[in-house]
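Worksheet: the structure to be examined is printed underneath.
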Amino acid sequence: MDYRLELVLVPVSDVDRAKAFYTEKVGFHVDVDHQPNDDFRVVQLTPPGSACSVTIGLGITNADPGSYRGTHLVVADIEAARAELVERGVEVSEIRHMTPAGWAAGPDPEHGDYASFADFADPDGNTWVLQEVRKGKPQP
């Protein structure tokens, strides 16, 4: 039995503001924007290269806007991904990696898989983590 994660709900306070952030700044693709009535709207967005989408909207969840935390966006080159987001106007933390002594600045010197991270938040405070994984991917 396969269990494929295909859709995650992200609670937002302003659907149009969140849609603009995720499409114009983060670069997600709009799959669906459907509003059959004043009480329900679903906007499905997919990150480039992802098999999993996120949905923002109205009447889709009772979770508090900004309560979504730490979903990882896996990238092959964390420095290039961070630079692209910053260029688009996203406030992204500095890149960091874990050492035996704790967190250290910059990407993992060996660019080990699952070792380098950077964070950003949407306008409601929902947080995302960039994580570098190069395994099985062409090296930049």
Side-chain angles (χ1 to χ4, degrees):
M1 179 65 59
D2 289 339
Y3 293 89
R4 295 184 315 265
L5 180 63
E6 294 190 5
L7 187 65
V8 176
L9 302 180
V10 178
V12 299
S13 61
D14 181 322
V15 179
D16 290 320
R17 178 182 71 171
K19 179 183 174 185
F21 174 81
Y22 284 110
T23 58
E24 296 168 17
K25 292 196 174 188
V26 186
F28 288 13
H29 173 75
V30 177
D31 302 316
V32 174
D33 187 342
H34 177 66
Q35 185 169 8
N37 59 53
D38 291 340
D39 298 319
F40 183 83
R41 180 177 177 193
V42 60
V43 180
Q44 182 173 316
L45 309 161
T46 302
S50 181
C52 185
S53 301
V54 298
T55 291
I56 58 175
L58 177 64
I60 62 167
T61 180
N62 61 359
D64 292 332
S67 64
Y68 185 72
R69 296 280 183 261
T71 295
H72 286 50
L73 291 171
V74 174
V75 297
D77 183 336
I78 196 163
E79 292 165 301
R82 182 185 181 281
E84 180 180 296
L85 290 173
V86 168
E87 184 177 302
R88 290 171 163 252
V90 179
E91 291 184 28
V92 184
S93 74
E94 294 299 323
I95 298 169
R96 67 190 184 287
H97 67 281
M98 183 57 76
T99 72
W103 289 109
D108 177 64
E110 297 180 20
H111 289 275
D113 288 338
Y114 312 102
S116 299
F117 307 86
D119 310 280
F120 69 92
D122 74 8
D124 283 296
N126 295 300
T127 65
W128 295 83
V129 179
L130 296 177
Q131 180 180 45
E132 186 173 77
V133 178
R134 294 181 172 198
K135 177 173 63 177
K137 298 179 174 100
Q139 301 302 311

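The analysis underlying the following values was restricted to heavy atoms, covering all of them including side chains, and did not include hydrogens, waters or symmetry mates. If you read the sequence from its start, that first residue is 1, and numbering goes on from there.
- Heavy atoms only, all atoms of each residue included: Thr99 and Ala104 are closest at CG2-CB, 3.7 Å.
- Atom-to-atom distance recorded for His29:NE2 and Thr23:OG1 is 10.5 Å, nearest 0.5 angstrom.
- Taking each heavy atom of Gly102 and Met98 in turn, the nearest pair found is C-SD, 3.4 Å.
- Side-chain atoms of Asn126 come within 3.5 Å of backbone N or O of Pro11 as a donor-acceptor pair.
- Atom CG of Asn37 is surrounded by more than 12 heavy atoms from other residues, nucleotides or ligands within 6.0 Å.
- No chain of hydrophobic side-chain contacts below 4.5 Å, direct or via other Ile, Leu, Val, Met, Phe, Trp or Tyr residues, connects Ile56 to Leu7.
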Audit row: Lys19, Asp14, salt bridge (charged side-chain N to carboxylate O under 4.0 Å, His left out) steps and yes/no = CA-CA 9 Å; Lys19 179 183 174 185; Asp14 181 322; over 6 Å; no

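- Here CZ of Arg4 is found 11.5 Å from SG of Cys52. Values are rounded to the nearest 0.5 Å.
- Looking at Arg69, its side chain does come within 3.5 Å of a backbone N or O of Gly125 through a donor-acceptor pair.
- Remark: side-chain polar atoms of Arg41 are not paired, donor with acceptor, to backbone N or O of Gly59 under 3.5 angstrom.
- Going from atom CG of Leu9 over to atom OG1 of Thr61 covers 5.5 Å, rounded to the nearest 0.5 Å.
- Clustering ILVMFWY residues whenever any of their side-chain heavy atoms sit less than 4.5 angstrom apart, transitively, puts Val75 in the very cluster that holds Val92.
- Judged by distance alone, with hydrogens and angles left aside, the side-chain atoms of Asp124 form no donor-acceptor pair with the main-chain N or O of Pro65 at under 3.5 Å.
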I would like to know whether Asp122 and Arg17 meet salt bridge (charged side-chain N to carboxylate O under 4.0 Å, His left out); could you show each step before the answer?
-> CA-CA 10 Å; Asp122 74 8; Arg17 178 182 71 171; over 6 Å; no

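- Annotation: the span from Phe120 atom CZ to Arg82 atom CZ amounts to 12.0 Å, rounded to 0.5 Å.
- Val10 and Val32 sit in two unconnected hydrophobic clusters of ILVMFWY residues. Membership requires side-chain heavy atoms under 4.5 Å apart, directly or through other members.
- Gln44 places no side-chain N or O within 3.5 Å of a backbone atom of Asp31 that could act as its donor or acceptor partner.
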Please report the C-alpha distance between Phe21 and Val90 in whole Å, then the side-chain angles of each, then the deciding distance to 0.1 Å, and finally whether the side chain to side chain contact (heavy atoms under 4.5 Å, CB included) criterion is met.
-> CA-CA 9 Å; Phe21 174 81; Val90 179; 4.2 Å; yes

Criterion side chain to side chain contact (heavy atoms under 4.5 Å, CB included) on Gln35 and Phe40, from CA distance to verdict | CA-CA 6 Å; Gln35 185 169 8; Phe40 183 83; over 6 Å; no

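- A distance of 9.5 Å separates CG in Asp108 from CZ in Arg134, rounded to the nearest 0.5 Å.
- Here the side chain of His97 pairs a donor or acceptor atom with the backbone of Gly106 at under 3.5 angstrom.
- Note: the hydrophobic cluster containing Leu5 does not contain Val42 (ILVMFWY, side chain heavy atoms under 4.5 Å, direct or indirect links).
- In this structure, the side chains of Leu85 and Val26 come closer than 4.5 Å at one or more pairs of heavy atoms.
- Met1 belongs to a hydrophobic cluster whose other members, connected by ILVMFWY side-chain contacts under 4.5 Å either directly or through intermediates, are Tyr3.
- Under a hydrophobic-cluster definition in which Ile, Leu, Val, Met, Phe, Trp and Tyr are linked whenever side-chain heavy atoms come within less than 4.5 Å, directly or via other members, Val8 and Leu73 are assigned to the same cluster.
- For the atom pair NZ of Lys25 and OH of Tyr22, the computed distance is 12.5 Å after rounding to the nearest 0.5 Å.
- Between Ser116 and Ile95, the shortest heavy-atom contact is CB-CG2, 4.3 Å.
- The side-chain contact (heavy atoms from CB on, under 4.5 Å) search around His72 returns Phe117, Val129, Gln131, not counting sequence neighbours.
- Between Leu130 and Ile78, the closest heavy-atom pair is O-CD1, 3.7 Å.
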